[in-house]
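Worksheet: the structure to be examined is printed underneath.
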Amino acid sequence: MELTRLRGFRDLIGADARAMSLVEERARALVERYSMKEVRIPVLERTQLYQRSTGETSDIVEKQMYTFTDRDEGETVVALRPEGTPGVVRAYIEAGLDRTEPEQRLFYSGAMFRRERPQKGRYRQFFQFGVEIFGRPDAACDAEILIMIDELCRDLKVPFAMEINSIGDQKCRPAFREALVQWGRAHWEELCDDCHNRIDRNPLRLLDCKIDAKLTESAPKSLDYLCDECRTHFDTVKELLSAGKVQFVVNPRMVRGLDYYTRTAFEVMAGGLGAQSTVVAGGRYDGLVETMGGAAVAGIGFAIGVDRMALAIQAAGMAPSTAPDAAIIAMGPAATRHAIVVARNLREANLNVEMLSPERKMKTLLARAAKIGARVAVIIGDDEVARGVVQIRDLKQSTQREVAVAEAARAIADARGE
RNA sequence: GUGAGUGUAGCUCAGUUGGCAGAGCAUCGGAUUGUGGCUCCGGCGGUCGAGGGUUCAAAUCCCUUCACUCACCCCA
């Protein structure tokens with residue numbers, strides 16, 4: 001086969017796709033309980049949008065974007081979205097919401113694209129479910145967002161750990177950043193090659209280097225450089241989280257890869273995922289809207305890595321069953337006409353029903369019913385049609401009973417429920 | 001972008017000093033009528049990732065290349 005899928009792009013069939021959908025469905029139900037509104041944004045945007053917001057020196061912008069020149073007269077340079085936040089911020093400003101109704105609670109869901117080397121939990125097309133709240137600079141909003149994430153992880157029954165940190169704001173972060181650079185220069189000889197690059201490109205990243213982890217324990221911490229406002233904000237967030245009964249740990253070494261983050265940063269790690277274990281991450285970005293040409297409006301948001309969360313669900317054995325409640329076995333043409341009506345009635349009673357091919361032998365069909373995990377087989381032959389009944393065979397217990405057609409849904413629901 | 005590992009049947013994998021391409025599972029059929037899982041018998045199934053080289057002979061040795069997986073990096 002020569003027309004295979006592209007590297008890093010996945011086909012998800014059956015259970016794998018179901019796990020993804022489950023994450024999205026639960027996330028949607030969650031955000032609707034939090035009074036959030038959906039926003040649908042384009043997959044393709046101007047490359048400049050990401051350069052301006054995500055950061056010129058971030059790896060995402062520098063080497064991971066799918067970017068190309070469009071064929072119009074202006075030869076616009078466009079890119080497949082590598083993340084959702086810049087598009088949402090752009091849409092928010094473009095709709096004039098920053099001036100007319102600055103306080104907005106928005107969510108989005110969809111595919112993102114980054115041209116990275118694939119590995120477990122990292123694909124070139126991946127799905128994010130994200131939330132952005134504008135116009136809420138207060139710590140209660142941070143806390144509410146973290147409570148929401150906690151709620152989702154519990155709902156999905158995935159073992160997880162939440163870490164939070166504060167990385168300061170425009171006022172106090174420059175000093176911290178400078179202190180890190182100074183520290184890095186002073187320890188140049190002891191640091192690895194990657195860290196040498198990070199000192200210029202993204203000094204905060206020094207802190208989560210795996211090779212130099214020991215050494216960076218002595219590096220400056222953002223928490224020691226917070227201004228009074230940031231300090232108070234962070235303390236309030238922690239206090240509210242405790243009040244909200246959320247388990248978390250403060251990780252003073254956690255940083256964000258993207259330029260726009262300020263103050264509260266957070267990350268949720270789940271088990272069973274290998275090296276790419278972060279399933280939710282986000283933080284506050286109070287200066288971003290203004291940077292993008294809008295009013296000075298606060299912002300905070302996060303994204304769920306849907307692919308990774310789905311992997312975590314499956315690793316934890318919490319993936320939902322897709323097995324039908326009943327498999328219909330019709331013997332012969334007359335019975336088939338009858339069976340198709342019975343199948344419809346059962347489905348209207350909210351049962352998951354699979355009708356098997358009427359052109360095969362009973363023996364084969366029963367074997368198939370068992371294979372697809374059906375709880376019961378509903379057997380209909382000419383004799384049953386004549387008498388207005390069906391045979392309901394419990395495939396786990398190997399018991400069988402005859403019931404009137406009108407009673408079938410009840411009987412199947414009972415078998416399922418016991 | 002860097003590194004390591006792996007490519008043989010639909011799947012999981014054997015294949016010794018180079019000598020006829022294998023097993024288990026799955027699938028399809030059979031063991032007499034409309035009753036599955038267990039058992040028995042049989043069938044289908046292969047460009048040994050691809051290309052080149054060495055050799056009488058290559059899945060096996062050499063070179064090139066592609067793909068997949070994991071990790072670094074990066075990040076959700």
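Just so it is clear: chains get the letters A, B, ... in the order the sequence lines come, proteins before strands, and each one is counted from 1. Note that the coordinates shown come from a computational prediction; the quantities given were computed from them, not determined experimentally.
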Side-chain donor-acceptor pairs of residues 323-343 of chain A under 3.5 Å, sequence neighbours excluded:
from: D325(A); atom 1: OD2; to: N352(A); atom 2: N; distance (Å): 2.8
from: D325(A); atom 1: OD2; to: R416(A); atom 2: NH1; distance (Å): 3.2
from: T336(A); atom 1: OG1; to: G332(A); atom 2: O; distance (Å): 2.8

**Q.** Check: rU35(B) base within 3.5 Å donor-acceptor of Q391(A) side chain
**A.** no

Q: May I ask you to evaluate whether R7(A) reaches the phosphate of rC66(B), defined as a side-chain N or O under 4.0 Å from OP1 or OP2?
A: no

Q.
Work out how far the C1' atom of rG42(B) is from that of rG49(B), and round it to whole angstrom.
A. 32 Å

Q. When you measure from every atom of RNA chain B, which of residues 125-135 of chain A have a heavy atom less than 4.0 Å away?
A. F126(A), Q128(A)

**Q.** Side-chain donor or acceptor of R81(A) paired with backbone N/O of E45(A) under 3.5 Å
**A.** no

Which atoms of nucleotides 2-6 of chain B (N or O only) lie under 3.5 Å from a protein N or O atom, and what are those distances?
from: rU2(B); atom 1: O4; to: R117(A); atom 2: NH1; distance (Å): 2.5
from: rG3(B); atom 1: O6; to: R117(A); atom 2: NH2; distance (Å): 3.4

Q: Indicate whether OP1 or OP2 belonging to rC73(B) is found under 4.0 Å from a side-chain N or O atom of R114(A).
A: no

Q) Any side-chain N or O of Q119(A) less than 4.0 Å from the OP1 or OP2 oxygen of rA71(B)? A) yes

**Q.** Whole angstrom value for the distance that separates C1' of rC74(B) from CD1 of I211(A)
**A.** 14 Å

**Q.** N/O donor-acceptor pair, side chain E384(A) with base rG34(B), under 3.5 angstrom
**A.** yes

Q.
For rA71(B) and K120(A) - does any side-chain N or O of the residue sit under 4.0 Å from the phosphate oxygens OP1/OP2?
A. no

Q: Please confirm whether the backbone N or O of A404(A) pairs with a side-chain atom of E407(A), one donor and one acceptor, at under 3.5 Å?
A: no

(Q) So for R122(A) and rC74(B), does any side-chain atom that can act as donor or acceptor lie under 3.5 Å from a complementary atom in the base? (A) yes

**Q.** Within residues 183-198 of chain A: residues closer than 4.0 Å to RNA chain B (heavy atoms)
**A.** D194(A), R198(A)

Q: May I ask you to verify if any side-chain N or O of R393(A) is less than 4.0 angstrom from the OP1 or OP2 atom of rG34(B)?
A: no

**Q.** Distance, P atom - from rG7(B) to rC13(B), rounded to whole angstrom
**A.** 9 Å

Q. Using Watson-Crick and G-U wobble pairs whose two distances are both under 3.5 Å, how do you write the pairing of RNA chain B as dot-bracket, with | for links to another strand?
A. (((((((..((((.....[..)))).(((((.......))))).....(((((..]....))))))))))))....

Q: Enumerate the residues from residues 298-311 of chain A whose closest heavy atom to RNA chain B is under 4.0 Å, giving them by residue number; use none for an empty result.
A: A303(A), G305(A), R308(A)

Q | K363(A) vs rG34(B): side-chain N/O to OP1/OP2 distance below 4.0 Å | A | no

Q.
Let's see if you can work this out: which of rA76(B), rG30(B), rA71(B) has an atom nearest to the side-chain heavy atoms of A275(A)?
A. rA71(B)

Q. Between the side chain of S53(A) and the main-chain N/O of L49(A), is any donor-acceptor distance below 3.5 Å?
A. yes

